[in-house]
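Notes for the one structure printed next.
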There are 2 protein chains.
Amino acid sequence: MSDIAVTPMLRLSGEERRAEIVDAVLRLSAERSPGLITTAEIARALSLSQGALFKHFPRKEDIWLAVAERIAESLLATVEQAAQQAASPLAALHGIFMAHVGFVIEHPGAPRFIFHELQRSVDSPVKSRLREMLARYRQILMGLLETAEQQGELAEGTNKSAAASLFLGSIQGLVMQSMLAGSSAAMRQQAEAILPIFERGIRREKSGEAA
Amino acid sequence: MSDIAVTPMLRLSGEERRAEIVDAVLRLSAERSPGLITTAEIARALSLSQGALFKHFPRKEDIWLAVAERIAESLLATVEQAAQQAASPLAALHGIFMAHVGFVIEHPGAPRFIFHELQRSVDSPVKSRLREMLARYRQILMGLLETAEQQGELAEGTNKSAAASLFLGSIQGLVMQSMLAGSSAAMRQQAEAILPIFERGIRREKSGEAA
DNA sequence: CACCGGTAAGTAATTAGTTACTTACCAATA
DNA sequence: TATTGGTAAGTAACTAATTACTTACCGGTG
């Protein structure tokens, strides 16, 4: 009759709970600016008391670091997988671009989180981790561009570093515009329209091309 | 002998003070995330009491709206001026790109402010104003691309909307990377390296081009 | 010119509400 | 029973906004 615990207190292991917390932050980041996400809000999303969070992460910053770690690992895995599946370096770039867009559509909170943290001027561990990820990403792009050059697929005189910047920049631009519109649904189409322009910008023109 | 007022209380007109407040927010935005800027901090930057701010703006949000207004006006003025000075549509795009980069270098707080506000999911008047600015910007780009197409400067089959997206996206990407590096100094060089790739992507290849 | 009164820019102190984080205690499970 | 994931009730610091009051400026009038 006097049952108080209607829901029988879901008690997860530390590891599981930490994963859930990271998930929750990513989910919330899709809708709010990560800077405005409070510990109370995270707890509410998990039907947990606010104080419980600090059993698993001593400081809020540590939660943020775990989120960055998660994003870095999964995005790089996505990118590397897409790169391996392609037949040629330029096809790999194409594949990576679309895979990245797919990743963003699937995890809308991720780019929001990244932007917000990179924007911070102080060099937090979180920002460091994300910077490291972007450096690795750029390294992959540069490798592909170099291979493309060696195979004669690249236009002569192409600035490979600039090409990598343009590649990353156009994805960031796409994300920004999807934030503007409020829907990430149209992103894939937009990406498919932008890619040909980029590819035309770096690909060596075939001598005997039909109009 | 017993002079208390060492600094003789600088009393500005409302208009002047409002301009100073907007300036201060822009300056602070260059170093901190705009979301973390407090009214106390703005007041401190102006050697003013915190409460005084509310003599000029009834709510904090109104300060933010004034900042958005300022950014929108000055950026669009910069863009339109650059467009008018150019001899051809494609030269105009080139000029706008570099002018925009120059604007960002001169006002490092502006892109930070824009990103932060666009990131917010709620459709605030601030976000509306910035969206309006970007729409106008895109409209200018589309106009130039159409003229370029009519004059035969554009590659056949170029998706003009996608080209405009790529244009805006690559600027956003440049800004993001300058945030990463922490210095906006290298931006101009990066821009000059990226532009040729973009231009190659949309420009009609001249039939008799020397290697 | 000097005085006076209204207006508006300023201050200092305080408010209610949040925030990240802590503490004391509890209960499940290994 | 010792450990650990959990709660509930705190706390100190900070936030935007408001308050009561002060001070500078400016345009008539005596």
Side-chain angles (χ1 to χ4, degrees), chain A residues 2-25 28-29 32-68 113 116-117 120 122 124-126, chain B residues 2-25 28-29 32-67 116-117 120 122 124-126:
Chain A
S2 61
D3 275 352
I4 296 179
V6 179
T7 312
M9 204 238 282
L10 205 54
R11 187 188 163 98
L12 299 185
S13 75
E15 201 179 356
E16 287 171 318
R17 190 55 91 189
R18 275 190 291 275
E20 283 215 340
I21 292 172
V22 169
D23 278 344
V25 172
L28 290 170
S29 293
R32 308 174 99 294
S33 173
L36 301 176
I37 297 174
T38 65
T39 52
E41 212 169 348
I42 301 169
R44 205 180 314 127
L46 294 172
S47 301
L48 213 64
S49 74
Q50 188 237 3
L53 295 181
F54 293 90
K55 292 276 169 176
H56 302 284
F57 296 98
R59 332 199 91 223
K60 192 193 184 191
E61 173 95 355
D62 296 324
I63 303 181
W64 258 235
L65 186 55
V67 174
F113 186 90
H116 180 263
E117 288 305 316
R120 303 181 57 180
V122 280
S124 64
V126 181
Chain B
S2 61
D3 275 351
I4 295 180
V6 180
T7 312
M9 204 238 279
L10 204 54
R11 187 189 163 99
L12 299 185
S13 74
E15 201 179 355
E16 287 170 317
R17 191 54 90 190
R18 276 189 290 275
E20 283 216 340
I21 292 172
V22 169
D23 278 344
V25 172
L28 290 171
S29 294
R32 308 173 97 295
S33 174
L36 303 176
I37 296 173
T38 66
T39 53
E41 211 170 350
I42 301 169
R44 205 180 315 127
L46 294 173
S47 302
L48 214 64
S49 72
Q50 185 242 353
L53 294 181
F54 294 89
K55 292 279 164 169
H56 303 285
F57 297 98
R59 331 200 92 222
K60 193 192 184 190
E61 171 97 356
D62 296 324
I63 303 180
W64 258 237
L65 185 55
V67 173
H116 181 262
E117 289 304 316
R120 302 181 55 178
V122 280
S124 65
V126 181

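By convention in this document, chain letters (A, B, ...) are assigned in the order of the sequence lines, proteins followed by strands, and residues within each chain are numbered from 1. These numbers were taken from a predicted model, which means no experiment stands behind them.
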For this session: Starting at atom CD of Glu41(B), determine the distance to atom C1' of dA17(D), rounded to an integer number of angstrom.
Result: 17 Å
Problem set entry | Short side-chain N/O contact from His56(A) to OP1 or OP2 of dT4(D), under 4.0 Å | no
Exercise. If every non-hydrogen atom of Ile21(A) is compared with every non-hydrogen atom of Leu53(A), which pair is closest and at what distance?
Worked result: CD1-CD2, 3.6 Å
Exercise. What is the minimum heavy-atom distance between Pro34(A) and Ser29(A), and which atoms define it?
Worked result: CG-OG, 3.9 Å
Exercise. Does some side-chain heavy atom of Val126(A) sit less than 4.5 Å from a side-chain heavy atom of Phe113(A)?
Worked result: yes
Problem set entry | Nucleic acid contacts of residues 17-25 of chain A, taken as heavy-atom distances under 4.0 Å to DNA chain C | none
For this session: Would you mind reading off the distance between Ile42(B) atom CD1 and dT15(D) atom P, rounded to a whole angstrom?
Result: 11 Å
Exercise. For Lys55(A) and dA27(C), what is the distance between atoms NZ and P respectively, to the nearest whole Å?
Worked result: 14 Å
For this session: Can you tell me the distance, in whole Å, between the CG atom of Leu53(A) and the P atom of dG6(D)?
Result: 10 Å
For this session: Mark up nucleotides 13-22 of chain C, 5' to 3', with B wherever a protein heavy atom is under 4.0 angstrom from a base atom, S wherever such an atom reaches only the sugar-phosphate, and - elsewhere.
Result: ------SBBB
Exercise. Quick one: are Trp64(A) and Val22(A) in side-chain contact, heavy atoms under 4.5 Å?
Worked result: no
For this session: Report yes if some heavy atom in the side chain of Leu65(A) is under 4.5 Å from a heavy atom in the side chain of Phe57(A); otherwise report no.
Result: no
Problem set entry | Test item: Thr38(B) side-chain N/O and Glu41(B) main-chain N/O as donor-acceptor pair under 3.5 Å | yes
Exercise. Under a 4.0 Å N-O cut-off, is there an ion pair linking Arg18(A) with Glu15(A)?
Worked result: no
Seminar exercise, completed: Residues at least two apart in sequence or cross-chain that pass salt bridge (charged side-chain N to carboxylate O under 4.0 Å, His left out) with Arg44(A), listed by chain then number, are none
Exercise. Nearest-Å distance, CZ (Phe57(B)) to P (dG10(C))?
Worked result: 12 Å
